[in-house]
Amino acid sequence: MERRKVVIIGSGPAGFTSAIYTARANLQPLLFEGFFSGPSGGQLMTTTDVENYPGFPDGITGPDLMNNFRKQAIRFGTDVVTEDVKECDFSKGPFVIRSSKREVQADTVIISTGATAKRLDVEGTRDGEFWQRGVTACAVCDGAMPIFRNKDLYVIGGGDTAVEEALFLTKYASKVYMVLRRDSFRASKIMADRALQHPKIEIIYNHTISLVEGEAVVTSVTLEDVTNKKTTKRVAGGVFFAIGHTPNTAFLGNQVEMHDSGYLKVVSGTTQTSKEGVFAAGDVQDHVYRQAVTAAGSGCMAALEAERWLVMKGLTG
Ligand code: NDP
């Protein structure tokens with residue numbers, strides 16, 4: 001069976017940064033970029049302009065940025081395979097990584113499979129309907145698009161993410177409505193207060209979204225009052241799901257420790273998981289920052305920690 005010093009699972013900013021660093025350290029990493037699990041490049045592939053990634057004063061599109069990451073990783077010798085990892089065996093070293101096409105032994109593994117923003121299965125919001133034509137799951141990524149300017153925007157959810165997204169959208173929207181399915185926030189008090197006190201934000205309690213309609217882009221939403229099932233159609237320029245994320249960790253079974261939410265546990269200030277020699281970088285272990293630049297930063301940390309671990313175990317030769 002083929003044996004690698006480093007196998008990287010996942011192809012967002014964290015995975016490709018780990019690849020750049022381990023490839024430059026002559027560790028010849030193998031990176032599984034995924035196939036059915038989504039486009040190589042992760043969540044940035046579904047965004048338009050990225051304006052907050054340092055080094056690009058005029059901005060760059062998400063796909064262009066990720067294509068650059070990928071090219072840079074390959075330039076230094078990363079082998080990239082377009083396959084999904086189905087399962088891993090971390091019971092003993094070398095670890096075993098299986099996709100539908102291959103089985104590889106790995107001395108160290110860096111998991112950087114990211115997280116997927118949750119969406120509701122509501123009519124009008126699905127792929128091929130208004131998804132990415134006014135319906136998104138990331139205000140920070142998409143909110144500055146011209147279609148959302150000076151429009152009434154609807155943020156679905158009442159957690160810290162929803163508040164952050166609503167506050168962000170106030171820069172562009174004429175008004176931001178937060179739709180909460182119950183009569184109170186899940187967000188921390190300080191964040192909830194910010195939303196409550198913001199003149200451009202209005203909270204709609206005890207409602208769910210039941211329909212999104214439009215023409216080229218979204219023009220209306222229908223909300224349902226959960227207390228009496230009464231529906232109301234309202235003019236809208238955009239819908240932003242902010243109902244949490246699901247980390248992509250199901251394929252790991254219970255081989256590494258996770259938080260109840262499914263995010264991987266790492267030793268504080270490091271990328272070390274509960275399994276020695278297995279590291280985690282990017283959103284798969286970070287439910288707080290979730291930015292491309294923080295993911296890339298932790299990808300660098302994982303690469304340096306993996307390299308040190310290989311040296312410590314005498315596995316670099
Ligand atoms: P949360 O799980 O905290 O909140 C999810 C929100 O979405 C809740 O209001 C929930 O409602 C609502 N929701 C969930 N499912 C549905 C549904 N089917 N229909 C309608 N509404 C739904 O997720 P977040 O992403 O907000 O936060 C995740 C973690 O990250 C938290 O620990 C948070 O504190 C942290 N975080 C911290 C930040 C910071 O410190 N600045 C910023 C962002 C996140 P309900 O309450 O009724 O369940």
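Counting starts at 1 for both ligands and their atoms, in listed order.
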Is it the case that R24 places NZ or CZ above or below the six-membered ring of F76, under 6.0 angstrom from the centre and within 45 degrees of the axis? yes

Give a yes or no answer on whether the side chain of T161 reaches the backbone of G244 with a donor-acceptor pair at less than 3.5 Å. no

Taking the six-membered ring for Trp, are F240 and F148 closer than 6.0 Å centroid to centroid? yes

Please confirm whether R234 makes a cation-pi placement over Y177, using NZ or CZ under 6.0 Å from the six-membered ring centre and within 45° of the ring normal. yes

Can you pull every nitrogen or oxygen pair between ligand 1 and the protein closer than 3.5 angstrom?
residue  : atom   : partner : partner atom : Å
ligand 1 : 9 (O)  : G158    : N            : 2.8
ligand 1 : 9 (O)  : G159    : N            : 3.3
ligand 1 : 11 (O) : R181    : NE           : 3.3
ligand 1 : 25 (O) : T161    : OG1          : 2.6
ligand 1 : 26 (O) : D160    : N            : 3.3
ligand 1 : 26 (O) : T161    : N            : 3.0
ligand 1 : 26 (O) : T161    : OG1          : 3.1
ligand 1 : 30 (O) : H287    : O            : 3.2
ligand 1 : 30 (O) : H287    : ND1          : 3.4
ligand 1 : 34 (O) : D160    : OD2          : 2.6
ligand 1 : 41 (N) : E164    : OE2          : 3.2
ligand 1 : 46 (O) : R182    : NE           : 3.1
ligand 1 : 46 (O) : R182    : NH2          : 2.8
ligand 1 : 46 (O) : R186    : NE           : 2.9
ligand 1 : 46 (O) : R186    : NH2          : 3.4
ligand 1 : 47 (O) : R181    : NE           : 2.9
ligand 1 : 47 (O) : R182    : NE           : 2.8
ligand 1 : 48 (O) : R181    : NH2          : 2.8
ligand 1 : 48 (O) : R186    : NE           : 3.3
ligand 1 : 48 (O) : R186    : NH2          : 2.8

R4: which of I97, D107, V104, T108 passes side-chain contact (heavy atoms from CB on, under 4.5 Å): V104

Check: D64 main-chain N/O paired with T61 side-chain donor or acceptor under 3.5 Å: yes

